[in-house]
Amino acid sequence: MTNDELDLDPGALAARFPKDFGWGFATSAYQIEGAATEDGRGRSIWDTFARVPGAIADGQTGDVACDHYHRYRDDIALMAGIGAKTYRFSVSWSRVLPDGTGTTNERGLAFYDRLVDTVLAAGITPLVNLFHWDLPQALQDRGGFADPSVVDAFAEYAALVAGRLGDRVSDWMTFNEPAVFAFLGHADGIHAPGLQDWPTALRVADNELQAHAAAVAAIRSRVSPARIGIAFDMNQVVPATDTDRDRRAAAQWSAARDAWFLDPLFGRGYPQLGLETHGAAGHLHGVELSDPPPGDLDYLGLNYYRRDAVSARSDKPFDWTIEARPGTEQTQMGWEVAPDGLRDVLGALHHEYAPREIVITENGAAYPDTMDPDGRVRDENRMHYFARHIAAAAEALAAGVPLTGYHAWSLLDNYEWSLGYTRRFGLVHVDFETQARTLKDSARWYGSLIAAGG
Ligand code: IFM
């Protein structure tokens, strides 16, 4: 069956996965928790950035978001009702260490205790992500991720959280999308902390790789058995046209972004083409790169959303645009819907790096959902998006990719970073006025898929 012919039969789709496949959801702290000043939480760089005039499309912050800090029991009950087997959430560093290091905030830690206990009581396996971009502002004031001292700070934080939750949590993730944090936050300036300086972005990336290794060691010394990974966002990169210039630009961009992280994580050091590309663009000016240690990964997390077409404006590296190809099917983000890209990215990761396991740690789509007068959200486009991507994942599995889990992004409509509340990625609709939750049709469909899988 090709993706085009695929129907939405959850039973047929589920049958293509093993019974113990890890179906679940992913969320992140700043996007859903709210309670920004409650119970001793410190400020994070997103609290600061969200207040910069013009930084966020609707001028909103994550101060309240989905109010998950108070409603987590109901949210976990919803997730359990859908049938989730795993739940990937992140810890807010500034909730547990308001100054980034030093004094711990017991009330913050107690929240994650309660959360983990509730997740486990619902029969769901927790997967704890340590960093989803919300760095404590106190650390940013001391240089943030561009300063090498962040490596010890991250290890201290990892040790604290692993020491506290590790008696109940085996599945860990150090970073979510380190490239997005480094590049969008420090070179493009559209994410916190809003800097626009490539050498800083490359220092940040280097320190993330070091901090990952330090955190893995900290977790392993406190948690047994521990299953540790990192979630890398890798979309399918293609040349916009079949010209030498676009082909070269696409290869340079992949090397300067994706391989920039993946090669070191798999023990190969920085990629030569990436070094040449960043070097020629002047990004390495004054940067002393380290020799990052291998990632020691039990699994590689893949966040996949789209196909990116690279179009060169000139022969100069980084003088290119990265967009959806005109005329293609796109989500509300303007992202090209490309399920075959998921199959191919999974295959490429398997062949190039041979990770022990791959977990799809995020996959999902934003659409302008509306609630019908009968109270239903008929998000058929999202259902089709999921069905086609899950079918593509099944193809990769059948071709030998060691794929063990799939996390839908996201449980709830939430704070979509610089787009504020203008994009809905949830399988559960959130009315941000009342905080009412409503299962969308996609949630019911995903639930039948999980149920059919046993
Ligand atoms: O909302 C984000 C998430 O925080 C990281 N991955 C992509 C999602 C959709 O943009």
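Predicted, not measured: the structure shown is a model, and the values here were computed from it. Note that the numbering runs from 1 along the sequence shown for the chain. Order of appearance sets the numbers: ligands from 1, and atoms from 1 within every ligand.
Aromatic pair F175/F232: centroids not less than 6.0 angstrom apart. Taking the six-membered ring wherever Trp is involved, the centroid distance between the rings of H186 and F145 does not fall below 6.0 Å.
Residues Q435 and V64 form a side-chain contact, since some pair of their non-hydrogen atoms from C-beta on lies under 4.5 Å apart.
Between the E329 side chain and the V337 main chain, no donor and acceptor come within less than 3.5 Å of each other.
Of the options R378, K440, Q332, a side-chain hydrogen bond (donor to acceptor under 3.5 Å, both in side chains) to D369 is made by K440 and by none of the others.
Residue, atom and distance of the protein heavy atom nearest to atom 8 (C) of ligand 1 are Y305 OH, 3.5 Å. The shortest contact between atom 7 (C) of ligand 1 and any protein heavy atom is with E362 OE1, 3.2 Å.
Of the polar atoms of Q31, at least one N or O is found under 3.5 Å from an N or O of ligand 1, judged by distance alone.
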**Message:** Set out, in order, the CA-CA distance, both residues' side-chain angles and the distance that settles side chain to side chain contact (heavy atoms under 4.5 Å, CB included) for W320 and R313, then state yes or no.
**Reply:** CA-CA 5 Å; W320 50 55; R313 282 188 290 245; 5.9 Å; no
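Contacts between Y415 and ligand 1, counted as non-hydrogen atom pairs separated by less than 4.0 Å, are absent for every part of the residue.
Residue W335 has at least one heavy-atom neighbour below 4.0 Å for each of these atoms of ligand 1: 10 (O). Residue H132 approaches ligand 1 through these ligand atoms, each under 4.0 Å from one of its heavy atoms: 3 (C), 4 (O), 5 (C). Here is the list of ligand 1 atoms found below 4.0 Å of a heavy atom in W417: 1 (O), 2 (C), 3 (C), 4 (O).
Between the choices R423, E177, E416, the shortest heavy-atom distance to atom 10 (O) of ligand 1 belongs to E416.
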